[in-house]
There are 2 protein chains.
Amino acid sequence: MALKMRKNQSGDVPYNCPLSECMAILGGAWTTNLIWFLSGGPRRFSELKNDLEGISAKMLTTRLKELESKMVVDRKVLPTSPPSVEYSLTELGTELVPAINAIVEVGHKIKVRNGKL
Amino acid sequence: MALKMRKNQSGDVPYNCPLSECMAILGGAWTTNLIWFLSGGPRRFSELKNDLEGISAKMLTTRLKELESKMVVDRKVLPTSPPSVEYSLTELGTELVPAINAIVEVGHKIKVRNGKL
DNA sequence: CGGTATCCCCCAGGATACTG
DNA sequence: CAGTATCCTGGGGGATACCG
């Protein structure tokens, strides 16, 4: 199912372990998938919207902006008509890929092991 | 900040990529940290509550039950008085650790690189 | 100690409509 | 095509109180 992420009411940081920094990036719903698809190479807005089947334009924009502000994703506007925008992983974003791959790998193991969670 | 995870309204699976299985496990708020602390060895309820500073008993119970039902965590009641309960990672849970370590590692890189996200 | 029960807040994110 | 604006909702999860 889709996952949503929220801050808690206090707004404080509960992550008191080494996971904080990276989870702050990977935390948002769709985020890991977004990075996963971008890891295949630059991708345009509408392509990503297709990749992430079911995501709303609003959330895609939100996540992309968030990742852009965190220097994970690069946004490049191509001077075409109609305008097209290309998103790609920054160097930092690329560094997240191994972690995501590790997740994918375990996910696969789980799937193989017992077709169902 | 603390992260909350929610299902979407449709209840459908948006994860249309290899991340689904594992993220379904790691998705919950506190979950990665919980597994992280358990990776150090068996731990009791109150110890975990201390580890995960700020978590409510309710959520800790919820997450532990969820992970137990997903065969990630094992719950063992020790016949002591007062009663104590020991939680530990199952074999499956142990397989999640490398993925989490990968996340930790990237998080550390990020921290080193620019002390702030 | 190791939980469960209740109450309720809150915002991530979906749906829809519109723009340059 | 690539968004932005607005409205709304549901369930995650905090706070608190209580139990065996």
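Heavy-atom basis, side chains included; hydrogens, waters and symmetry copies ignored. Please read these numbers as outputs of a predicted model, since none were measured by experiment. Chain letters run A, B, ... following the sequence lines, proteins first, then strands; residues in each count from 1.
- Contact detail for L60(B) and F45(B): the closest heavy-atom pair is CD2-O, 3.7 Å.
- The separation between W30(A) atom CH2 and dG13(C) atom P is 10 Å, rounded to whole Å.
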Review item, nucleotides 2-6 of chain D N/O atoms under 3.5 Å of protein N/O:
{"unit_1": "dA2(D)", "atom_1": "OP1", "unit_2": "R44(A)", "atom_2": "NE", "d": "3.0"}
{"unit_1": "dA2(D)", "atom_1": "OP1", "unit_2": "R44(A)", "atom_2": "NH2", "d": "3.2"}
{"unit_1": "dA2(D)", "atom_1": "OP1", "unit_2": "V85(A)", "atom_2": "N", "d": "3.0"}
{"unit_1": "dA2(D)", "atom_1": "OP2", "unit_2": "S46(A)", "atom_2": "N", "d": "3.0"}
{"unit_1": "dA2(D)", "atom_1": "OP2", "unit_2": "S46(A)", "atom_2": "OG", "d": "2.7"}
{"unit_1": "dG3(D)", "atom_1": "OP1", "unit_2": "R75(A)", "atom_2": "NE", "d": "3.3"}
{"unit_1": "dG3(D)", "atom_1": "OP1", "unit_2": "R75(A)", "atom_2": "NH2", "d": "2.4"}
{"unit_1": "dG3(D)", "atom_1": "OP2", "unit_2": "Y87(A)", "atom_2": "OH", "d": "2.5"}
{"unit_1": "dT4(D)", "atom_1": "OP1", "unit_2": "K65(A)", "atom_2": "NZ", "d": "2.9"}
{"unit_1": "dT4(D)", "atom_1": "OP2", "unit_2": "K65(A)", "atom_2": "NZ", "d": "3.3"}

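- One interatomic measurement links the two molecules: CG of L52(B) to C1' of dG14(D), which rounds to 15 Å at whole-angstrom precision.
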With side chain to side chain contact (heavy atoms under 4.5 Å, CB included) as the test, would you mind laying out the steps for Y87(A) and L67(A) before giving the verdict? CA-CA 11 Å; Y87(A) 292 94; L67(A) 291 174; over 6 Å; no
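- A salt bridge is absent between E68(B) and K65(B); no separation between the charged side-chain nitrogens and carboxylate oxygens falls under 4.0 Å.
- Close to dG13(C), at under 4.0 Å from its OP1 or OP2, lies a side-chain N or O of R63(A).
- No more than 12 heavy atoms of other residues, nucleotides or ligands shown are found within 6.0 angstrom of CD on E105(B).
- To the nearest angstrom, P of dT16(C) lies 17 Å from CE of M59(A).
- With rounding to whole Å, I55(B) atom CD1 is found 12 Å from dA15(D) atom P.
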R63(B)/E66(B) under salt bridge (charged side-chain N to carboxylate O under 4.0 Å, His left out): CA gap, chis, key distance, verdict: CA-CA 5 Å; R63(B) 290 276 83 87; E66(B) 183 188 314; 2.3 Å; yes
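- Straight-line distance from the CG atom of N50(A) to the C1' atom of dC1(D): 12 Å, rounded to whole Å.
- Under the side-chain contact (heavy atoms from CB on, under 4.5 Å) test applied with I35(A), the options T32(A), T31(A), L38(A) reduce to a single match, T31(A).
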